[in-house]
Every structure is written in C-alpha cells, then in structure tokens.
Amino acid sequence: MIELYNSLTSQKETFVPLKEGEVKIYACGPTVYNYFHIGNARPFIFFDVVRRYLKYAGYQVTFIQNFTDVDDKIIKKAAEEGKEPAQIAEQYIQEYFIDADALGIERADSYPRVSENMDAIISLIQTLMDKGLAYEKDGNVYYRVREFDDYGKLSKRDIEELEAGARIEISEEKEDPLDFALWKKKKDGEIYWDSPFGQGRPGWHIECSAMAQKYLGDQIDIHGGGADLIFPHHENEIAQSEGATGKQFAKYWMHNGYININNEKMSKSLGNFFTVRDIAKEFDLEAVRFFVLNAHYRSPINFSRELVESASSSLQRIYNAKNHLDYLLSQGLQADASEETSEEVLKQLQQYQAQFCAAMDNDFNTADAIAAIFELVRFINIHIHESSTRGDVLGAKTMLDELTDVLGIACQSKQELLDEDIEKLIAMRQEARKKKDFVLADKIRDELKEKGILLEDTKEGVKWKKN
RNA sequence: GGCGGCAUAGCCAAGUGGUAAGGCAAAGGUCUGCAAAACCUCUACUCCCCGGUUCAAAUCCGGGUGCCGCCUCCA
C-alpha cells in the first residue's frame, strides 16, 4: 500500500489510482531556452523514481512530460542569437536529453510540445470562453478567475488576500487584476498562430491543461513538479482544466522541495545556479542523482561539490559490492553448486527488499530506501564470498540489481574488457610479486592507477576497477 | 501583511509517542609484502531554547529564537 503526500489536501493519503492497476502521471517539463540546472534536475530525477517504483509495484504507468517550446524567454534568446525560436527550442531539447540520459532518467512515454498541440490549446480556450470562464479583449484572452469557485484550493490562497497583496500586473484590459492570460495577441515580429480570437500565442498555463487532457484524458492520477509551480502555475491549471471539464483534474499533486545554494534557492533569476552540464565536467552525473535521492523529496537540500563527492563515495560502496559479486560469478564457484538460492539467504534478501519497499511506500522515502540498500550491501559483504554457492551469489546479485534499478543508481556497468596491454601489465606485476620484487610491482600498480585502473589484491585474486 | 516549510553527530540525512537508521569523513583494530576493498570497534545519555500533556516525546500542545520559501518569470 503506497502512501503519498498530496499537496492538494496537505496530508499523506493512501494511493488509489483512478483505474485499478493503471497510473497516469503528468510532470511539468522544462522551458527549452538553455541548459537546465541542478534545481531543475530534482523533479526530473524524482518523478523518474516515482514512475520506476510504481512500475516495480506492478502498475501500468503512463508518464508524460511536456516541453515548453513557445515562450518569452525562447523568443528573447532567439532574437539575441539571430535564430528562429523553433531552432533554439529544438537545440535545447536535444541538450535536455543529453543531460537527462546522463542522470539516468528514463524516457517519458511522450514529450508533447506546445507548438505541436496548438489545436488542443485553442480548443480548450474556446471551451472556457463558451462556458463564460474566459473573455477576449482586443485579441487577448483572459481567464475570469472569480468565476471559478475553487480558485486557491491548491495553494491555500484567499482570493481577496491575493488581490490585496497584489504585485500583479496592472492591465486596463483585464476585468480583474487576478485574471491571467490564456492567449496573447501577437506582437510585431514575433511568432504567432492563427486562432478564432486572432493571431497570437498561448499563455504559459494553458498548455499543460490542454496537453494533459489530450494525452492522458480529463482526469489524471498524479501531477508533479517543483514547489514553485504551485502558485500560480498549478493553481491556474486546475482552474482551466476543472473549469472546462467540471471534473477533478489531478487526484494527487506532488511537489518537490528546492535545491539551495548556501541555504538560498537556486534560481536563474538569482544567478546562483549550476547547470547540470557544468557539473558533468567534474562528476559522473550518477553521483548527482544519488545526492538528490539521498534526502526526502520534499526537504530542501543544499548543493555543493563536497556533497556530490560524498555521494560519489557512497555510490562506490555499492559498486564495490556489485563488482565483488560479478567477480565471484566469473570465477566459477563450487563445482557442485546449484543455481538455486538457499532458503536462508533468500529469506534475508527478501527482508531487505521488504524494508526497501516499506520505505518507498511511505511517500517515496528514497533516503530510507537507500539505507535498506546499504544494509543489503553489508549483508552481502559479510555472507557472500568465495565459498558461497553460485545460487546464493546469483540471488544476491539479482536482488541488489533489482533494488538499485528502482532508484536508477549504481546501474552503470564499469567492468569493461581490459586491453591486452593492461592484462599483460597485471600479469607482469603478479610475477614481480611472486619474486618479491615489490618495487617493480608497485611501479606497475602506480602506472595503472594513472590510467584510471585501480588494483586490489584479495585472497580471491587480483581485482581491478576503473576509477 | 497573508500562507507554508525547516532546525537531529565534524558533514549529509532518516526517524513524527516507546527509548536515536543509513552514508561520507576521522580514529583504533583484523586482513595484506605494502596498499585497496571488506569486516569489527569507536563518533548524539540526546535531537535549537523554555514550558506543558503523557507511565513514556526528537516525535503531541503552547511560547520563544534562528533560517528559508511562496504570494512576481522560476523545478
């Protein structure tokens, strides 16, 4: 039984999908005008894990993430670089995949783009106008916020206080300062689309309502994104979608916390951000993934290079255990060993699996789930060795792979075939060691270390790993 | 001003009523030619402070202090 914290109700709830056995997830994706930063990466990583775990739990999951490819910032960037907005968008969509792949994020079932779904967007705006929830003024279309009774239910905001606080854009056209744009009239020289309300382009919020509906239907199970989207973006999505259909839009809303720099939110406007692309120059991005998952998704976390290094060391511990198991399997264990995992080992392995699942069931507590993996690692280090049966080693390997796969960590195969030269060097060093020529032996070891090959002399033989 | 969050060892971080997970780092030990890895031991009589409820609180309640976020484009 999975429990998750629903931002809509501000409490943990038992997860019950709209349709048994199936889960529909919509996650807000990036506006593609630049490389994405570590803060942006958090929801991508986290919702990837949500999806993986729900699959692991047996659900059939449909996961949709949009690309916002029509936007002020893209238009601005295009103008700066003398390119078409579509070129900019296409470029950064490709860059997105480079970073996302390196972070171990599985591909979504679909990546709808604003530019390719204009019909659905226009049609939804039309529906809202027909229902009296939207109005057109001089080529612009606005949402009539006061006509939607539930406005503010997600962000817990009172409509009157919103107006009082008011750093809201003043516009002569709007009937009410709270109203927000669904369609923006074309400006000179900017890209535009034809519509019944004139030439222009959609406002920011309408795309998610339209695309979620088109790709997943009127109602979805989980809608996710960063906490800074709660207001106004997600609040407005609810107004649009529920205003149009009269049905509850998303059953569960999940929002991740921020990534901070020195306890301050990392954001493009503050300029205190690290792009994932830059971090990739210094670290394997898998360490960033581990770093993100090492804390509960709703807690704010501070980012620093030191913390990624620490994550990298933690990850190495898991790899060491995996490499050890691979080594045992490559060495040919006891001749009479069966392929079956013994009952006592299986029982232990399943206990760690249960611990892992209990953690994940509890609002996707990845930090606790990682602890379960480390406890499994300790068990393996103690109880699985050269005198274990092949069945036990295989069983341990399968379980460790299974759990790490759910989180998408320690999944890279680092054991690649050695060059013949390197094999020769290792053999030479063994010879030297036999002759107790440790000077030569250590020299060879140092040489290999410089090439990124770390040697370990164990009772079981010489093992190596890539640094 | 309104709404919300956070404060646990040197660092990161779980735990939300039953007597402090896990990881990183450091120290000692076992093993090793030496390393590495691994294992063992050691690192919070205590969870920001002060009250209260309770047989029992890091966990609940009240009050402080500090930090942060949203209310505006933002993951």
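In this text the structure is predicted, and so the values were computed from the model without any measurement.
Using a 4.0 Å heavy-atom cutoff across all strands shown, A:G257 reaches at least one base atom of the nucleic acid. Residue A:I230 is classed as having no contact, given no heavy-atom separation below 4.0 Å to the nucleic acid. Nucleic acid contact class of A:L454 (heavy atoms, under 4.0 Å, all strands): none. Nucleic acid contact for A:F36: none, since no nucleic acid atom lies under 4.0 Å from a heavy atom of the residue. Across all strands shown, A:L455 has heavy atoms under 4.0 Å from base atoms, whether or not it also approaches the sugar-phosphate. Within 4.0 Å (heavy atoms only), A:N263 reaches sugar-phosphate atoms of the nucleic acid but no base atom. Residue contacts shown for A:R445 include a base, since a base heavy atom lies under 4.0 Å away. Counting non-hydrogen atoms under 4.0 angstrom, A:E309 reaches nothing in the nucleic acid. Within the nucleic acid shown, A:K463 has no heavy atom closer than 4.0 Å to any nucleic acid atom. Nucleic acid contact for A:S313: sugar-phosphate only, since backbone atoms but no base atoms lie under 4.0 Å from a heavy atom of the residue. Across all strands, A:F438 comes closer than 4.0 Å to base atoms (heavy-atom distances). In this structure, A:S312 reaches neither bases nor backbone, as no heavy-atom distance under 4.0 Å exists between it and the strands shown. Here A:N320 lies in heavy-atom contact (under 4.0 Å) with sugar-phosphate atoms only. Across all strands shown, A:K265 has heavy atoms under 4.0 Å from base atoms, whether or not it also approaches the sugar-phosphate.
Between A:Y56 atom OH and A:F356 atom CZ the span is 7.0 Å, to the nearest 0.5 Å. Note that the CD atom of A:Q351 and the CG atom of A:L376 stand 11.0 Å from one another [nearest 0.5 Å]. The OH atom of A:Y26 sits 8.5 Å away from the CD1 atom of A:I64 when rounded to the nearest 0.5 Å. Rounding to the nearest 0.5 Å places CD of A:E207 at 12.0 Å from CZ of A:F67.
Here the separation of B:A56 from B:U19, taken at their P atoms, is 15 Å to the nearest Å. Of the P atoms belonging to B:U30 and B:A36, the separation is 14 Å, rounded to the nearest Å. Only the C1' atoms considered, B:C31 is 47 Å distant from B:C67, to the nearest whole Å. A distance of about 26 Å separates the P atoms of B:G69 and B:U59, rounded to the whole Å. Using atom C1' as the reference point in both B:G51 and B:G15, the two lie 25 Å apart (nearest Å). Separating the C1' atom of B:U41 from that of B:A26 is a span of 14 Å, rounded to the nearest Å. Separation of the P atoms belonging to B:A9 and B:U43 is 16 Å when rounded to the nearest angstrom. B:A75 and B:G18 have their C1' atoms separated by 39 Å, with the value rounded to a whole Å.
Not a single donor-acceptor pair, N or O on each side, falls under 3.5 Å between the base of B:C73 and the side chain of A:D71. A donor-acceptor contact under 3.5 angstrom links the side-chain atoms of A:R157 to the base of B:C70. With hydrogens and angles ignored, a donor-acceptor pair under 3.5 angstrom links the side chain of A:R433 to the base of B:G33. Below the 3.5 angstrom threshold, one finds a donor paired with an acceptor across the side chain of A:D442 and the base of B:G33.
Atom CG in A:L293 sits about 12 Å away from atom P in B:A14, given to the nearest Å. The interatomic distance linking A:D72 (CG) with B:U72 (C1') rounds to 14 Å, in whole Å. Per the geometry, CG belonging to A:L315 stands 11 Å off C1' belonging to B:G23, to the nearest Å. When rounded to the nearest whole Å, the span between NE2 of A:H296 and P of B:A7 equals 12 Å. The NZ atom of A:K449 sits 10 Å away from the P atom of B:A37 (whole-angstrom rounding).
A sub-4.0 Å separation between OP1 or OP2 of B:A38 and a side-chain N or O of A:R378 is absent. Look at A:S299 and you'll find a side-chain N or O under 4.0 angstrom from OP1 or OP2 of B:A14. Between B:A13 and A:R298, no contact under 4.0 Å exists linking OP1 or OP2 to a side-chain N or O.
Below 30°, between 30° and 60°, or above 60°: for A:Y352 and A:F379 the angle between ring planes is between 30° and 60°, a tilted geometry. Taking the six-membered ring where tryptophan is involved, the planes of A:F148 and A:Y143 are perpendicular, since the angle between them exceeds 60° and thus also 30°.
Within the shown strands, B:A7 is the pairing partner of B:U65 under the Watson-Crick or G-U definition, both distances less than 3.5 Å. In this structure, B:A38 forms a base pair with B:U30, meeting either the Watson-Crick or the G-U wobble geometry with both donor-acceptor distances under 3.5 Å.
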Evaluate the criterion side chain to side chain contact (heavy atoms under 4.5 Å, CB included) for residue pair A:E375 and A:Q355; output intermediate values, then yes/no. CA-CA 10 Å; A:E375 288 184 34; A:Q355 188 186 338; 3.5 Å; yes

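You'll find that the side chain of A:N381 is closest to B:C39, out of B:C3, B:C12, B:C39. Among the nucleotides B:G22, B:G69, B:A14, the one closest to any side-chain atom of A:E375 is B:G22. For A:D457, counting side-chain heavy atoms from C-beta on, the closest listed nucleotide (B:A75, B:A14, B:A35) is B:A35. The side chain of A:N40 has B:A75 as its nearest neighbour among B:A75, B:G22, B:A36. Taking the side chain of A:R317 as heavy atoms from C-beta on, and the options B:A75, B:A35, B:A38, the nearest nucleotide is B:A38.
Taking 4.0 Å as the cut-off between side-chain N and carboxylate O, A:D401 and A:K322 count as a salt-bridged pair.
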